[in-house]
Amino acid sequence: MEDTRIHILSSRSVKLLLLLLLAGGRIVAQPRLEQAEMFVGVYGGATASTVFFTPKVDGMDDLLKSPIGWGAGAVFRYGAHKVCSFQVEAGYAQYGWREYDKDGNFDYRRKLHYIQVPLLAHIHFGGEHAQGFVNLGPQVGYCFNNAEWSGTKQTTSTYQYRPIDHLFDWGATGGVGFYGMHRKAGVFQLELRVYYSFGSLYNTSRAEHFAASNMLTACLNFAYMWQIK
């Protein structure tokens with residue numbers, strides 16, 4: 001049963017990545033600019049996250065009620081087409097999950113600290129000074145600290161309290177937002193982004209407890225960028 005669920009997750013992951021590559025191919029076919037544009041900048045904002053455990057962990061918080069963390073990083077955007085660009089980021093983010101006891105009181109919080117790199121197709125639309133956009137693409141990350149926690153470990157299932165087995169993380173991310181542009185002042189951008197991890201935090205072999213432990217995150221970021229070309 002565990003192998004079947006893992007196979008289904010892997011198949012869905014491959015299909016989603018193929019769709020992202022197909023979308024990238026369509027983007028390349030768009031009309032080109034007379035001169036390529038390049039932007040660099042920084043971003044920061046709030047993060048929320050949860051983990052989907054199989055079998056389910058009692059008292060797990062959902063994404064909308066999850067604790068707030070923060071993230072920040074640098075962004076580079078290169079555009080040679082009229083409606084799309086390539087964007088790469090490198091940053092830090094706090095993720096994790098929270099559990100409640102049987103009475104609904106806060107019980108335990110786990111923090112995971114990640115370095116992450118999204119590779120994005122940036123599709124934009126609108127006027128010269130204000131535009132909306134969609135970001136889509138794969139993301140990789142590395143958890144450099146997963147030992148931080150607070151609260152009391154009272155849940156009967158204790159497998160999730162161990163250090164995670166897989167520090168390397170990968171998945172798909174997408175976001176929507178808008179920005180204002182001024183030739184001298186730069187670009188001011190607001191974005192809501194969601195990320196789903198295809199990799200499990202814990203081992204998923206027959207000898208292990210969890211068949212899956214996939215992370216879902218959301219972040220609200222503000223970015224400032226300036227044009228270098």
Using every non-hydrogen atom in the two residues, find where [X] and [Y] come nearest and quote the distance to one decimal.
| X | Y | value |
| --- | --- | --- |
| Gly41 | Met225 | CA-CG, 3.8 Å |
| Ala212 | Ser200 | CA-OG, 3.8 Å |
| Cys84 | His124 | N-NE2, 3.4 Å |
| Ala46 | Ile68 | CB-CG2, 3.8 Å |
| Val194 | Thr173 | O-OG1, 3.0 Å |
| Leu112 | Gly96 | CG-CA, 4.1 Å |

Treat each ILVMFWY residue as a node, draw an edge where side-chain heavy atoms are under 4.5 Å apart, and state whether [X] and [Y] are in one component.
| X | Y | value |
| --- | --- | --- |
| Tyr195 | Leu216 | no |
| Phe86 | Val117 | yes |
| Leu120 | Leu192 | no |
| Ile115 | Val42 | no |
| Trp97 | Leu167 | yes |

Q: Determine, step by step, whether Tyr108 and Tyr100 satisfy the ring-ring contact (aromatic ring centres under 6.0 Å, His included) criterion, reporting the C-alpha distance in whole Å, the side-chain angles of both residues, the deciding distance to 0.1 Å, and the verdict.
A: CA-CA 7 Å; Tyr108 174 84; Tyr100 291 84; over 10 Å; no
Q: Please name the residue in the list Tyr43, Trp70, Tyr114 that meets the ring-ring contact (aromatic ring centres under 6.0 Å, His included) test with Tyr92.
A: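 The ring-ring contact (aromatic ring centres under 6.0 Å, His included) with Tyr92 is passed solely by Trp70 among Tyr43, Trp70, Tyr114.
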So do the side chains of [X] and [Y] get within less than 4.5 Å of each other, counting heavy atoms only?
| X | Y | answer |
| --- | --- | --- |
| Asn221 | Glu89 | no |
| Gln227 | Met38 | no |
| Thr50 | Asp62 | no |
| Gln160 | Glu99 | yes |
| Phe168 | Val140 | yes |
| His166 | Leu201 | no |

**Q.** Modelled atom types, side-chain donor and acceptor of Ser197 and Asp169, under 3.5 Å
**A.**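 Side-chain D/A pair, Ser197 to Asp169: present.
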Nearest-0.5 Å distance, [atom1] of residue [X] to [atom2] of residue [Y]:
| X | Y | atom1 | atom2 | result |
| --- | --- | --- | --- | --- |
| Asn214 | Tyr196 | CG | OH | 3.5 Å |
| Lys111 | Cys143 | NZ | SG | 13.0 Å |
| Met215 | Phe52 | CE | CZ | 11.5 Å |
| Leu63 | Thr217 | CG | OG1 | 7.5 Å |

(Q) Would Met181 and Phe39 count as a side-chain contact (heavy atoms from CB on, under 4.5 Å) here? Give the steps. (A) CA-CA 12 Å; Met181 302 175 61; Phe39 296 85; 4.2 Å; yes
(Q) According to salt bridge (charged side-chain N to carboxylate O under 4.0 Å, His left out), who are the partners of Arg77, at least two apart in sequence or on a separate chain? (A)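 For Arg77, no residue satisfies salt bridge (charged side-chain N to carboxylate O under 4.0 Å, His left out) once neighbours in sequence are set aside.
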Donor-acceptor pair, side chain of [X] and main chain of [Y], under 3.5 angstrom:
| X | Y | answer |
| --- | --- | --- |
| Glu208 | Thr204 | no |
| Asn135 | Gly174 | no |
| Asp58 | Met60 | no |

(Q) Working note: Ser213 + Thr54, criterion side-chain contact (heavy atoms from CB on, under 4.5 Å); need CA distance, chi angles, decisive distance, verdict. (A) CA-CA 6 Å; Ser213 49; Thr54 305; over 6 Å; no
Q.
Tell me if the centroids of the rings in Phe210 and Tyr202 come within less than 6.0 Å of each other.
A.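 Aromatic pair counts; centres sit under 6.0 Å.
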(Q) Below 30° counts as parallel, above 60° as perpendicular, anything between as tilted: where do the rings of Trp226 and Tyr224 land? (A)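 Trp226 vs Tyr224 ring planes: tilted.
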Q. Parallel, tilted or perpendicular: which fits the ring planes of Tyr159 and His209, with parallel below 30° and perpendicular above 60°?
A.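 The arrangement is parallel - the two ring planes meet at less than 30°.
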Q | Heavy atoms from other residues, nucleotides or ligands near CZ of Phe76 exceed 12 (cutoff 6.0 Å) | A |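 Enclosed.
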**Q.** Tyr95 and its side-chain hydrogen bond (donor to acceptor under 3.5 Å, both in side chains) partner, picked from His113, Gln116, Arg110
**A.**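 Passing option: Gln116.
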Q) Who pairs with Phe133 by ring pair (Phe, Tyr, Trp, His ring centres under 6.0 Å), at least two apart in sequence or on another chain? A)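 By the ring pair (Phe, Tyr, Trp, His ring centres under 6.0 Å) rule, Phe133 matches His122, Tyr179.
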